[in-house]
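For reference, the structure is listed below as structure tokens.
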Amino acid sequence: NAGVTQTPKFRILKIGQSMTLQCAQDMNHNYMYWYRQDPGMGLKLIYYSVGAGITDKGEVPNGYNVSRSTTEDFPLRLELAAPSQTSVYFCASSKKTSGVVNEQFFGPGTRLTVL
Amino acid sequence: AQSVTQPDIHITVSEGASLELRCNYSYGATPYLFWYVQSPGQGLQLLLKYFSGDTLVQGIKGFEAEFKRSQSSFNLRKPSVHWSDAAEYFCAVGEGNKLVFGAGTILRVKS
């Protein structure tokens, strides 16, 4: 059971380039999330999904896109990279049961630098 | 919208000393509360959670937290800190399908 996996671990992009951050979970969780973490700012929610085919914006969605075609995968797309998107990105998943907000399981993160 | 405040950005304690990390939340009803720990270069790991019932909850690695409704607080404690506890700690509150995180407290342990 690998839990939540993310690739790549590190990436350097030039301004204007695009890339996709991959996230996969093998726990059959219905909920998946993308966060960015900046020093002293905690985690900010970018997008989340409550199931395959359903996504919604979080607190800081501008400049990003997501899709959820399967339960397992939740990729995050950056179309035109900007220096403001330099950050550490975390993917997480959870299984909501009986109306309770359950714990989220986090991946190891992707450190992205945009130059 | 909910919010979480962790008043201390950095805390330094001596190894073997006790620890308390503060967390205050804003939420009208009974909150779902969480504490996570992040070691350098790692993802977040759940330490403990509170949903209902006993207001003193036990977690992993010898940590505990106490929910105090009257103070809107959920402070994390450990009676004796180990050097391996040096990390960043995040408090979070559940909001619908999501978690709202505090800004984090960085714990340094001096020997």
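Model, not experiment: these values are computed from the prediction. Chain A is the first sequence line, chain B the second, and so forth, proteins listed ahead of strands; every chain is numbered from 1.
- In this structure, chain A has heavy atoms under 4.5 Å from both the backbone and the side chain of B:Lys98.
- The hydrophobic cluster containing B:Val57 also contains B:Leu19, counting ILVMFWY residues as joined when their side-chain heavy atoms lie under 4.5 angstrom apart, directly or transitively.
- Residues of residues 64-74 of chain A lying under 4.5 angstrom from chain B, judged on non-hydrogen atoms, do not exist.
- Under the side-chain contact (heavy atoms from CB on, under 4.5 Å) criterion, A:Thr5 pairs with A:Ala2, A:Ala24, not counting sequence neighbours.
- Proximity to chain B among residues 105-115 of chain A is limited to A:Phe106, A:Gly107, A:Pro108, judged by heavy-atom separations below 4.5 angstrom.
- Hydrophobic clustering of Ile, Leu, Val, Met, Phe, Trp and Tyr side chains at less than 4.5 Å, counting indirect connections, unites A:Tyr47 with A:Val60.
- The local environment of CD1 in B:Ile60 is crowded, with over 12 non-hydrogen atoms from other residues, nucleotides or ligands closer than 6.0 Å.
- Contact annotation for residues 100-111 of chain B against chain A (heavy-atom separation below 4.5 Å, listed by residue number): B:Phe101, B:Gly102, B:Ala103.
- By the criterion of side-chain heavy atoms lying less than 4.5 angstrom apart, applied directly or through intervening Ile, Leu, Val, Met, Phe, Trp or Tyr residues, A:Leu21 is not grouped with A:Phe90; the two fall into different hydrophobic clusters.
- When the side chains of ILVMFWY residues are joined at heavy-atom separations under 4.5 Å, either directly or via intervening members, B:Phe34 and A:Tyr35 end up in a single hydrophobic cluster.
- Within the 4.5 angstrom heavy-atom criterion, only side-chain atoms of B:Leu46, from C-beta onward, approach chain A.
- When heavy atoms are compared at a cutoff of 4.5 Å, B:Glu88 approaches chain A solely by way of its side chain, counted from C-beta outward.
- Atom CG of B:Leu56 is surrounded by more than 12 heavy atoms from other residues, nucleotides or ligands within 6.0 Å.
- Side-chain contact between B:Leu99 and A:Leu45: absent, with no pair of heavy atoms (C-beta onward) separated by less than 4.5 Å.
- The CG atom of B:Asn97 sits 4.0 Å away from the OH atom of A:Tyr31 when rounded to the nearest 0.5 Å.
- More than 12 heavy atoms of other residues, nucleotides or ligands shown are found within 6.0 angstrom of CE on A:Met27.
- With a 4.5 Å cut-off on non-hydrogen atoms, B:Gln38 touches chain A through its side chain but not through its backbone.
- Put simply, A:Leu78 and A:Ile15 are part of the same group of oily side chains (I, L, V, M, F, W, Y) that touch within less than 4.5 Å, one to the next.
- With a 4.5 Å cut-off on non-hydrogen atoms, A:Gln37 touches chain B through its side chain but not through its backbone.
- Side-chain N or O atoms of B:Tyr32 include none that pairs as donor or acceptor with a backbone N or O of A:Glu103 at under 3.5 Å.
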